Trainee: 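Dumping the structure here so I can ask a few things about it.
All values reported here derive from a predicted model rather than from experimental measurement.
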Amino acid sequence: MATMLAGRLNTRTHELTMTEVPVPEPGHGEVRIKVEAAGVCLSDVHLVDGTLNPLFLPGDEVTLGHEVAGTVEALGPGVVGVTEGQRVLLQAGQEHHDGTILTRGVDYDGGWAEYALARQDTVVPIPDSLPFDQACIVPDAVSTPWAAVTATAATEPGEAVGVWGLGGLGTHGVQLLRLVGAAPIIAVDPVAAARDRALEFGADVALDPTAPDFADAVRAATGGLGLSVAFDFAGAAPVREQALAALGARGRLVLVGLAGTPVTIPNDTVFTYFQQRVLGSYGSEPQHVVRLVHLAAHGRLDLSRSITEVLPLADAPRAVERLQRKEGNPIRLVLKP
């Protein structure tokens with residue numbers, strides 16, 4: 001039996017091991033992908049450290065990796081509309097027959113491997129102009145902030161926005177807000193290098209949230225009106241309190257980062273009088289991924305700056321450590337089998 005290298009997580013012991021496993025055979029309606037690139041996400045770090053736990057995984061072990069791109073290597077019975085050799089990325093999840101959304105690399109085996117299985121309806125063709133390392137990050141690192149910006153917040157051109165947390169999601173959030181015409185875009189992060197990077201990606205102003213004149217700086221940047229939308233990509237209670245205070249009339253606070261703590265509205269009278277809102281945004285829909293591939297194919301979205309480094313698949317544990325420590329302030333680390 002042919003075997004392959006895979007990054008397997010034991011969700012009970014939280015041990016990540018690189019091990020040889022059988023090459024999977026595609027079943028009815030499935031395809032086998034030769035993985036060319038797989039992203040390393042903070043969610044993977046949280047799965048390893050136990051902060052996140054799979055809800056629907058049938059056993060104790062799973063191959064990590066929900067950001068995957070590669071070529072179609074084999075077709076299972078009944079597959080239509082997909083061809084061998086086709087360049088594709090994989091949606092980060094698939095719908096179960098009962099309507100539950102199962103996440104790749106969490107609830108079933110993902111792409112930290114030489115080969116991965118995918119149901120045919122989760123396969124998205126990509127153009128030759130989109131490199132695999134850039135394509136693989138679209139299903140989460142890019143589509144999650146895109147959904148928050150366009151679907152959840154319904155951000156309009158000319159709206160003043162704030163982005164808290166300038167890691168992989170927040171940095172792309174800045175880039176995408178620039179794409180939809182938000183103005184001004186105020187980037188907020190305590191790390192100076194992250195603020196500098198946000199300016200390179202299209203932010204108009206970059207602020208240190210610990211600065212004593214932070215509130216004054218937001219008012220100055222927005223002409224005294226406050227923010228129309230504040231995005232929390234950091235997932236921290238202090239961020240939410242600061243972001244709420246920076247909202248203007250009818251302002252929306254969009255929660256993308258996961259804090260696992262209560263959301264507190266310090267002054268409900270102000271919140272109600274100005275008709276403000278708190279909105280949750282989780283992941284994205286399949287059409288968001290397709291739309292982003294379309295934008296990239298037409299030169300409207302440049303992801304070349306997003307790839308901090310490409311590492312061998314065998315270095316997956318090291319990649320997790322680097323992201324956990326934010327070593328080198330990465331946007332995205334990518335694994336290549």
Trainee: Salt bridge (charged side-chain N to carboxylate O under 4.0 Å, His left out) between D189 and R195: does it pass, once the steps are laid out?
Mentor: CA-CA 6 Å; D189 198 290; R195 297 196 298 272; 5.8 Å; no
Trainee: Evaluate the side-chain hydrogen bond (donor to acceptor under 3.5 Å, both in side chains) criterion for residues T272 and D268: first the C-alpha distance (whole Å), next the side-chain angles of each, then the deciding distance (0.1 Å), finally the verdict.
Mentor: CA-CA 6 Å; T272 302; D268 62 343; 5.7 Å; no
Trainee: Looking at side-chain heavy atoms only, is the closest gap between R104 and V68 below 4.5 Å?
Mentor: yes
Trainee: With W112 as reference, evaluate L16, V62, L9 under the side-chain contact (heavy atoms from CB on, under 4.5 Å) test and give the passing residue.
Mentor: L16
Trainee: List the steps and the verdict of salt bridge (charged side-chain N to carboxylate O under 4.0 Å, His left out) for K34 and E36.
Mentor: CA-CA 6 Å; K34 182 181 183 300; E36 297 290 348; 3.3 Å; yes
Trainee: Would V229 and E159 count as a side chain to side chain contact (heavy atoms under 4.5 Å, CB included) here? Give the steps.
Mentor: CA-CA 8 Å; V229 193; E159 285 195 307; 4.0 Å; yes
Trainee: Where is the tightest heavy-atom contact between S143 and L292, given as atom of each residue plus distance?
Mentor: CA-CD1, 3.4 Å
Trainee: Parallel under 30°, tilted from 30 to 60°, perpendicular over 60°: which one fits the rings of H294 and H298?
Mentor: tilted
Trainee: Got a second to check how far D49's CG is from D44's CG, nearest 0.5 Å?
Mentor: 11.0 Å
Trainee: Compare all side-chain heavy atoms of L5 with those of M18 and state whether any distance is below 4.5 angstrom.
Mentor: yes
Trainee: Hey, could you give me the OG1/CD distance between T3 and E20, rounded to the nearest 0.5 Å?
Mentor: 4.0 Å
Trainee: Could you state the interatomic distance from CE (M4) to OH (Y115), rounded to the nearest 0.5 Å?
Mentor: 9.0 Å
Trainee: Run the side chain to side chain contact (heavy atoms under 4.5 Å, CB included) test on D216 and R219 for me, step by step, so that the C-alpha distance in whole Å, both residues' side-chain angles and the decisive distance to 0.1 Å come before the verdict.
Mentor: CA-CA 5 Å; D216 292 336; R219 281 192 291 271; 2.3 Å; yes
Trainee: What do the steps show when you test V334 against C136 for side chain to side chain contact (heavy atoms under 4.5 Å, CB included), and what is the final call?
Mentor: CA-CA 8 Å; V334 172; C136 77; 4.0 Å; yes
Trainee: Do we get R178 above F201's six-membered ring, with its NZ or CZ under 6.0 Å from the centre and within 45° of the axis?
Mentor: no
Trainee: Could you check if a side-chain atom of T13 sits within less than 4.5 angstrom of a side-chain atom of E61, using non-hydrogen atoms only?
Mentor: no
Trainee: Side-chain contact, heavy-atom cut-off 4.5 Å: E73 with I33?
Mentor: no
Trainee: Would you mind reporting whether Y282 and V256 have side-chain heavy atoms less than 4.5 Å apart?
Mentor: no
Trainee: Contact between T222 and L227 at the side-chain level, heavy atoms closer than 4.5 Å - yes or no?
Mentor: yes
Trainee: Salt bridge check, E309 against R322: does any charged N sit closer than 4.0 Å to a carboxylate O?
Mentor: yes
Trainee: Starting at CG of L303, measure out to CG of L301 and round the result to the nearest 0.5 Å.
Mentor: 4.0 Å
Trainee: Would you say the side-chain atoms of D140 and H66 include a donor-acceptor pair closer than 3.5 Å?
Mentor: yes
Trainee: What is the minimum heavy-atom distance between A187 and A203, and which atoms define it?
Mentor: CB-CB, 3.9 Å
Trainee: Closest approach of T264 and L244, non-hydrogen atoms and distance?
Mentor: O-CD1, 3.5 Å
Trainee: Passes salt bridge (charged side-chain N to carboxylate O under 4.0 Å, His left out), D109 versus R8? Steps please.
Mentor: CA-CA 9 Å; D109 286 342; R8 300 281 289 173; 2.9 Å; yes
Trainee: List the steps and the verdict of salt bridge (charged side-chain N to carboxylate O under 4.0 Å, His left out) for R32 and E84.
Mentor: CA-CA 9 Å; R32 183 168 66 221; E84 290 185 11; over 6 Å; no
Trainee: Any non-hydrogen side-chain atom of V320 less than 4.5 Å from a side-chain atom of P317?
Mentor: no
Trainee: Tell me whether the NZ or CZ atom of R250 lies within the 45° cone about the ring axis of F274 and under 6.0 Å from its centre.
Mentor: no
Trainee: For the hydrophobic clusters of this structure (ILVMFWY residues joined by side-chain heavy atoms under 4.5 Å, transitively), does one cluster hold both W164 and L258?
Mentor: no
Trainee: Are L313 and V21 connected, step by step, through hydrophobic side chains (Ile, Leu, Val, Met, Phe, Trp, Tyr) whose heavy atoms are closer than 4.5 Å?
Mentor: no
Trainee: Could you walk me through whether Q242 and V188 satisfy the side chain to side chain contact (heavy atoms under 4.5 Å, CB included) test, starting with their C-alpha distance in whole Å, then the side-chain angles of each, then the deciding distance to 0.1 Å, before giving a yes or no?
Mentor: CA-CA 10 Å; Q242 189 175 60; V188 185; 4.3 Å; yes
Trainee: Is there side-chain contact between L64 and L47, with at least one heavy-atom pair below 4.5 Å?
Mentor: yes
Trainee: Is it the case that atom CZ in R300 sees more than 12 heavy atoms from other parts of the structure closer than 6.0 Å?
Mentor: no
